Structure formats: structure tokens, C-alpha cells
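Any value given below was found using the heavy atoms of this structure, including those in side chains, with hydrogens, waters and symmetry copies removed. Just so you know, ligand 1 is whichever comes first in the structure, and atom 1 is the first atom listed for that ligand. All of these numbers come straight from a predicted model, not from anything done at the bench.
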Amino acid sequence: MKLVFATANKNKINEVLPLIPASIDVLSLVDIGCSEEIPETHGTIEANSQEKAEYIFQKYGYNCFSEDSGLEIEALDGEPGVYSAHYAGTRDAAQNINLVLLNMRGITNRRAQFKTVFTLIVEGNINQFTGIVTGFITDAPKGNGGFGYDPIFVPDGSVRTFAEFTQAEKSAVSHRSKAFGLLTSFINNNL
Ligand code: ITT
């Protein structure tokens, strides 16, 4: 089955590519000639995820999947959440991390979770798949791997941040791999 992965985020592609089964032939936005920014106009991760897949299906006519994801911090009422990519006003990960740590200064409840929602559209039929990993926010960044907020997120059961994990270690527990696993099971069982 041929599917477009409707994302411009290379880190997402790098994490998902090793998880793709041989039965799925994945095309990128570059492969289909889509270079414009896909609109994300909604206030929830679910709705933005669906908007991205619908944009590609409706404008380019390809079966596809997209994902929207974010870091939800309990003490910040779920922020940065849907605003994770440009929380500090830019897409700069270091600035986003600094703003989170600033907003968390003096707060002892460090509970947080990463959430990913994949949207799959095949012949107009829409299905969503959610993955969550819980953990806590550190006091300072640590590690050089991963992307985004990985240097300040320690998943439950670990003492290291995601940025100190190898890609395979992160994939064993991550929000993204959990959600993608549900998507591939759905394809294998239903399509
Ligand atoms: P596309 O919309 O093109 O897919 P994007 O980067 O705009 O790419 P999102 O709107 O879904 O994607 O924003 C997700 C942001 O959440 C991402 O830029 C990171 O800041 C953060 N994030 C998501 N998953 C993460 C992970 O596994 N590790 C660290 N940060 C993550």
C-alpha cells in the first residue's frame, strides 16, 4: 500500500522510518511536490493531526497519514501542548526549552507527558491512533540525541532524558512508536 507521510519534520520521519513494515510504501511531501506549509489552525492535537492529513488527501489525492504531537505539562495546564513546535514564538528548540524551564521555576510538580496522534486517510476513511508516554520535566537540559523537548523529559522508569536515549531505546517506549504501532496493526488487520 502506498501512503504519503504528511510531515515536514525530518525528526518525525527519522523516528518512523525504521518502524515501517515492508507492506507500506511511504512517500514524502517532497515526493509528491508539496513544498508549502500545511495549515494547522485548530486548538487540539487531534484536530490539527486530522487537518494535515485531510489537506494532503483533498489537495493532492493521496492516501496518507499525518501526525500532530506535543508535550503536555500538568502544572502548566497542559502547555505547551498543541503549541509545542513554536512555544517561544519560534521553532528553535533551545528557546522553547528555556521558556518551559522558566515557566516551571519553583514548581515541584514536574509531571508531564508526550502525546502523538496519527491520522490515517485511506479512500476518504479517517482513523486516528494515539500514543502517550508519561514522565517528568528535569531542572536543566541533558543529552544530545532526539529533538524538541527530549533534553528535559525523563520517561517513567528511567533516570535519563530522551536526549540521552539511543533512537532504538526511545522507539521502544515513545508516544510516537506506540501510536504508529496501532496504525500499522490497523492497516494489517483491516486493509
Ligand atoms: P509537521 O506539522 O510538519 O508534522 P511540526 O514540527 O510542525 O511538523 P507538530 O506541530 O506536531 O509538528 O509539533 C510537534 C512539536 O512537539 C515538535 O516540534 C517538538 O517541539 C515537540 N515534540 C513532539 N514529539 C517530540 C518528541 O518525540 N521529542 C521531543 N519533542 C517532541
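For Asp68, the heavy-atom gap to ligand 1 drops under 4.0 angstrom.
Looking at atom 7 (O) of ligand 1, its nearest protein heavy atom turns out to be Arg91 NH2, 2.8 Å. Protein heavy atom nearest atom 23 (C) of ligand 1, with residue, atom name and distance: Ser69 OG, 3.2 Å. Protein heavy atom in closest approach to atom 2 (O) of ligand 1: Lys52 NZ, 2.7 Å. Of the protein's heavy atoms, Tyr149 CE1, 3.3 Å lies nearest to atom 20 (O) of ligand 1. Of all protein heavy atoms, the one lying nearest to atom 24 (N) of ligand 1 is Arg176 NH2, 2.9 Å. Shortest contact from atom 6 (O) of ligand 1 to any protein heavy atom: Asn9 ND2, 2.9 Å. The nearest heavy-atom contact from the protein to atom 28 (N) of ligand 1 is Asp150 OD1, 2.7 Å. What sits closest to atom 16 (O) of ligand 1 on the protein, heavy atoms only, is Ser84 CB, 3.3 Å.
Remark: the Glu67 side chain and the Thr7 side chain contain no N/O donor-acceptor pair separated by less than 3.5 Å. Judged by distance alone, the side chains of Gln113 and Thr134 never bring a donor and an acceptor atom under 3.5 Å apart. A donor and an acceptor atom, one from each side chain of Ser185 and Asn188, are nowhere located under 3.5 Å apart.
Atom CG of Asn144 is surrounded by 12 or fewer heavy atoms from other residues, nucleotides or ligands within 6.0 Å. Within a 6.0 Å radius of NZ in Lys178, more than 12 heavy atoms belonging to other residues, nucleotides or ligands are found.
Residue contact check: Lys170 has heavy atoms under 4.0 Å from atoms 26 (C), 27 (O), 28 (N) of ligand 1. Close contacts between ligand 1 and His175 involve ligand atoms 24 (N), 25 (C), 26 (C), 27 (O) [criterion: under 4.0 Å to a heavy atom]. Taking every non-hydrogen atom of Ala85 and a distance limit under 4.0 Å, the qualifying atoms of ligand 1 come out as 13 (O), 15 (C), 18 (O). Per-residue contacts place Glu40 under 4.0 angstrom from the following atoms of ligand 1 (heavy atoms of the residue considered): 2 (O), 7 (O), 10 (O). Applying the 4.0 Å criterion to heavy atoms of Lys12 picks out, from ligand 1, the atoms 1 (P), 4 (O), 5 (P), 8 (O), 9 (P), 11 (O), 12 (O). Numbered from 1 in the order shown, with element, the atoms of ligand 1 that lie under 4.0 Å from a heavy atom of Thr7 read 1 (P), 3 (O), 4 (O), 8 (O).
From Leu71, atom CG reaches atom CD of Glu79 across 11.0 Å, with rounding to the nearest 0.5 Å.
With Ser49 as the fixed residue, the side-chain contact (heavy atoms from CB on, under 4.5 Å) test singles out one of Thr119, Thr44, Thr130: Thr119.
Checked against a 3.5 angstrom limit, the closest N/O atoms of Ala8 and ligand 1 fall inside it.
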(request) Kindly determine whether Phe147 and Glu15 satisfy side chain to side chain contact (heavy atoms under 4.5 Å, CB included), including the steps that lead there. (result) CA-CA 10 Å; Phe147 70 102; Glu15 288 192 3; 3.4 Å; yes
(request) For side chain to side chain contact (heavy atoms under 4.5 Å, CB included), just list the numbers for Glu54 and Ile121, CA-CA rounded to whole Å, side-chain angles, deciding distance to a tenth of an Å, and then say yes or no. (result) CA-CA 7 Å; Glu54 281 180 332; Ile121 303 190; 3.7 Å; yes
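Taking the ring axis of Phe165 as reference, the NZ or CZ atom of Lys170 does not stay both within 45° of it and closer than 6.0 Å to the ring centre.
Ring pair Phe57/Tyr62: centre-to-centre distance not below 6.0 Å.
Nearest-heavy-atom check against atom 29 (C) of ligand 1 across Tyr83, Phe162, Tyr87, Phe147 picks out Phe147.
Counting heavy atoms under 4.0 Å from ligand 1, residue Phe114 touches it through the side chain alone.
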